[in-house]
Amino acid sequence: MKKEIIIAGFGGQGVLSMGKILAYAGLLQGKEVTWMPAYGPEQRGGTANVTVILSDDRISSPILQQFDIAIVLNQPSMDKFEPRVKPGGVLIYDPNGMTREPARKDITIYKVTATETAIAMNAQKTFNMIILGGLLHIAPVVDMEYVMLGLKKSLPERHHHLLAANEMAMKQGATIIEKMN
Amino acid sequence: MEDFKLMKGNEAIAHAAIRCGADGYFGYPITPQSEVMETLMDLKPWETTGMVVLQAESEVAAINMVYGGAGCGKKVMTSSSSPGMSLKQEGISYIACAELPCLIVNVMRGGPGLGTIQPSQADYFQSVKGGGHGDYRLIVLAPSTVQEMADFVGLGFDLAFKYQNPAMILADGIVGQMMEKVVLPPFKPRRTEEEVRQECPWGTTGKLPNRKRNIITSLALEAEVMENINLKLQAKYREIEKNEVRFETHHCEDADYVLVAFGSIARICEKAMEMAREEGYKVGVLRPITLFPFPTNPIKELSKKVKGFLTVEMSAGQMVEDVRLTVNGAVPVEFYGRMGGIVPSAEEILAALKEKLIK
């Protein structure tokens, strides 16, 4: 099985680290993984995105035109990646700051009000983990136990007291994800 | 289970350098390879193995520090990206002439000029055909995975010392910035001073009473002497061509058309190959791993049975010249490329293959 995922949003939303946690989890689960960031000028104050591929077999191209799953966290990312979801694929978005709803009819669309939820939980920095929890609820591309292990690996030790808050955010994400079509 | 790590290609180079017993790294930061020195600074190998890590005042200074270290028989390296590599060319030519081993890493970005920071492969000519002045060659290794970024550090040093010649890892922004799983090479201690003296009797390690002074130079004012130096270099390059060709093929056995590409683009070509095979076209991929020495024989052999080659590069077409020289008109050799930091997609490559060759 192979899953090709794009995560895109503003710099600072935790897009790259969300991808890194997924990649770590995949690695710990014995999968082949690649994590390819857009490291060009777009990451400097603009939009950030990362392609994560999780596969049971050898991965060929790390650069893709089409994705099984797109997670879009701002309007420019929605505009760029909604057309690039494979037919039958999945689009996940956070409506915060969006000016339009996704329009595709041939893909499954999910909404996660992660910004709103993070603020309500008074844990804005766990925003990306709420999204990740939502993703794993509808598409368990990796097992939750490996995600927690992956998180532990990608967080520096001095931040390990935050692991519980992150786990709680993921659980919250799973409860608020909403199918839109 | 093997100990898999998840890291960027640039980080893998830094870890591998320490693990293969490197004595020194000299560099100057430039995107997209700054993580090489950042990782080394973070790992502080001077506290463990004794490896020196130094941010020089410029790329020119860094390559000349490498020249000095290599002259002492030390395992030394530098890394940079395209504009920085241009600055190093004088030093590289001197090191090649003085027949010193060292490792040079180029994580290519779009050019010419200061260019852009996105990936490119437009330094093929510079790396493979010279770059600096004079008739010299580097041993050029082109990694396509993070694993190869790690593995080619040790291999590069081994080949450099075997042939007393600079070796280069010619990577690009994709393989430098991408994270993949990697098994790092086992720790090898740095050589002792005595081991360096034994392995490098030519090194300036201190004059011994029973031998003449070792002099490291690239200057020979008498033309006859200089020609002899050139003849010796050329003989060495022929030896390298005979022994050190490395390449990889995918589905070339029954292929009608073969995509030729190096580095990360070879992986995008693999994806294009998968798509083409799904449509019923018999397509294979040949990936040169060593760019010098170039895999001439395998391409020549394939040219006897395929209908054509498509060379794909992130450049205006550089390696394609070597493919055309090799195939020598036996079958068509077409080219598809993107420039200036744009990465061609598998879809584009497949469309180019159909348009130019399959028709």
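Throughout, protein chains are lettered first and strands after them, A, B, ... in sequence-line order, and every chain is numbered starting at 1. The figures here come from the full heavy-atom set of this structure, side chains too, leaving out hydrogens, waters and symmetry mates.
Within 6.0 Å of NZ in A:K152 there are 12 or fewer heavy atoms belonging to other residues, nucleotides or ligands. Residue A:E157 places its CD atom among 12 or fewer non-hydrogen atoms of other residues, nucleotides or ligands, all under 6.0 Å distant. Within 6.0 Å of CE on A:M121 lie more than 12 heavy atoms contributed by other residues, nucleotides or ligands. In this structure, B:K282 places its NZ atom where only 12 or fewer heavy-atom neighbours from other residues, nucleotides or ligands lie under 6.0 Å away. For B:Y28, the OH atom is loosely surrounded, since the number of other residues' heavy atoms within 6.0 Å does not exceed 12. No more than 12 heavy atoms of other residues, nucleotides or ligands shown are found within 6.0 angstrom of NZ on A:K171.
Between the CG atom in A:L27 and the CE atom in B:M7 there is a gap of 10.5 Å [rounded to 0.5 Å]. Rounding to the nearest 0.5 Å places NZ of B:K5 at 8.5 Å from OH of A:Y24. Residue B:I265 holds its CD1 atom at 7.5 Å from CD1 of A:I63, rounded to the nearest 0.5 Å. B:F4 CZ to A:E32 CD: the interatomic distance, rounded to the nearest 0.5 Å, is 7.0 Å.
Considering all non-hydrogen atoms of both residues, B:S345 and A:Q65 come closest at CB-CG, 3.4 Å. Looking at every heavy atom in both residues, A:K20 comes nearest to B:L6 through O-CD2, 4.2 Å.
Residues meeting the side chain to side chain contact (heavy atoms under 4.5 Å, CB included) test with A:M144, sequence neighbours left out: A:L136, A:V147, A:M170.
The closest donor-acceptor contact from the side chain of A:Y39 to the backbone of B:I117 lies under 3.5 Å.
When heavy atoms are compared at a cutoff of 4.5 Å, A:K153 does not approach chain B at all. Contact annotation for A:I53: neither backbone nor side-chain heavy atoms come within less than 4.5 Å of a heavy atom of chain B. Only the side chain of B:E347 comes within contact range of chain A, judged by heavy atoms closer than 4.5 Å. Heavy atoms of B:K8 lying under 4.5 Å from chain A belong exclusively to its side chain. Heavy atoms of B:E274 lying under 4.5 Å from chain A belong exclusively to its side chain. For B:P119, the parts lying near chain A are the backbone and the side chain together; criterion is any non-hydrogen pair under 4.5 Å.
Of all residues in residues 246-255 of chain B, those placing a non-hydrogen atom less than 4.5 angstrom from a non-hydrogen atom of chain A are B:E248, B:H250. Below 4.5 Å, heavy atoms of chain A meet heavy atoms from B:R267, B:I268, B:E270, B:K271, all part of residues 266-273 of chain B.
Listed by first and then second residue, the side-chain hydrogen bond (donor to acceptor under 3.5 Å, both in side chains) pairs that reach into residues 130-147 of chain A are A:Q29-A:D143, sequence neighbours excluded.
Interface remark: of the candidates B:K181, B:R109, B:E348, B:K181 forms the most heavy-atom pairs closer than 4.5 Å to chain A.
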